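Computed from a predicted model, the values in this text were never measured in an experiment. Every chain is numbered from 1, with letters handed out A, B, ... down the list of sequences.
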Amino acid sequence: GAVVSQHPSWVICKSGTSVKIECRSLDFQATTMFWYRQFPKQSLMLMATSNEGSKATYEQGVEKDKFLINHASLTLSTLTVTSAHPEDSSFYICSARSFGGKYEQYFGPGTRLTVT
Amino acid sequence: AQKITQTQPGMFVQEKEAVTLDCTYDTSDQSYGLFWYKQPSSGEMIFLIYQGSYDEQNATEGRYSLNFQKARKSANLVISASQLGDSAMYFCAMRVGSGDKLTFGTGTRLAVRP
């Protein structure tokens with residue numbers, strides 16, 4: 001089946017620094033990727049929809065200047081958490097839907113971010 | 001607005017028995033899709049099963065089946081012959097129309113007892 005990878009799988013950073021998370025579709029082209037955030041023992045909340053070659057669409061309440069998304073190619077989307085603060089600590093998961101593929105989204109393994 | 005409700009925060013089931021995880025949804029759209037995902041402790045989201053709103057038959061995928069009751073707006077997941085490896089969080093999700101956005105429920109944690 002389709003494989004989506006994320007890097008890094010976990011990261012610890014200091015408050016005020018920026019962190020970049022990569023999401024790659026390994027064996028298919030993804031015109032659309034999604035970024036979710038999941039707090040402990042809670043559900044996934046969609047942060048933004050990333051389209052290759054265009055600006056990301058952010059969900060209401062998500063700061064676009066804080067969570068920068070770049071979908072540079074059909075296999076790579078990046079999420080940069082700028083000026084991270086402890087409240088940004090969370091589990092970030094990306095997903096991708098293949099171009100012309102079936103209905104389901106394929107999820108990456110997630111990135112656990114801890115801001116100290 | 002779309003909403004998914006999972007009322008069971010946690011469930012226990014004996015190994016080899018069947019279990020039903022509840023999911024109700026709310027949408028005014030006629031075209032929608034319902035999904036179930038499994039999230040083990042490692043964190044990855046594993047797609048289990050899909051049901052389209054116009055599908056006449058309930059979806060089945062191996063030990064997973066979806067009990068789709070459109071009039072009641074419910075899409076319960078049935079896992080037959082539970083295995084220890086089925087212990088995980090289970091999320092029900094919905095996609096409306098031709099869009100790609102998924103709305104997730106709050107999840108049900110399933111624990112399979114040996």
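- Chain A is approached within less than 4.5 Å, heavy atom to heavy atom, by B:Phe104, B:Gly105, B:Thr106 from residues 104-114 of chain B, ordered by number.
- The 12-atom threshold is exceeded at NE2 of A:His85, counting heavy atoms of other residues, nucleotides or ligands nearer than 6.0 Å.
- Put simply, the side chain of A:Val4 does not reach to within 4.5 Å of the side chain of B:Met45, judged on heavy atoms.
- Within a 6.0 Å radius of CE in B:Met11, more than 12 heavy atoms belonging to other residues, nucleotides or ligands are found.
- Taking CE of B:Met89 as the start and CG of A:Leu44 as the end, the distance is 9.5 Å to the nearest 0.5 Å.
- Heavy-atom distances place the side chain of A:Gln38, and not its backbone, under 4.5 Å from chain B.
- Only the side chain of B:Gln39 comes within contact range of chain A, judged by heavy atoms closer than 4.5 Å.
- Looking at heavy atoms from C-beta onward, B:Tyr37 lies in side-chain contact with A:Phe107 at the 4.5 angstrom threshold.
- In terms of hydrophobic clustering, with Ile, Leu, Val, Met, Phe, Trp and Tyr side chains grouped at heavy-atom distances under 4.5 Å, B:Tyr64 and B:Leu21 are assigned to a common cluster.
- The distance from the OH atom of A:Tyr106 to the CD atom of B:Glu44 is 15.5 Å, given to the nearest 0.5 Å.
- In this structure, no portion of B:Thr103 lies under 4.5 Å from any heavy atom of chain A.
- Looking at A:Leu46, the atoms closer than 4.5 Å to chain B (heavy atoms on both sides) all sit in the side chain, from C-beta outward.
- No more than 12 heavy-atom neighbours from other residues, nucleotides or ligands sit within 6.0 angstrom of NZ on B:Lys3.
- If you measure heavy-atom distances from B:Leu102 to chain A, the contacts under 4.5 Å come from both the backbone and the side chain.
- Contacts of residues 65-82 of chain A with chain B at a heavy-atom distance below 4.5 Å are absent; not one residue qualifies.
- Put simply, CZ on B:Arg95 and CD on A:Gln105 are 8.5 Å apart, with the number rounded to the nearest 0.5 Å.
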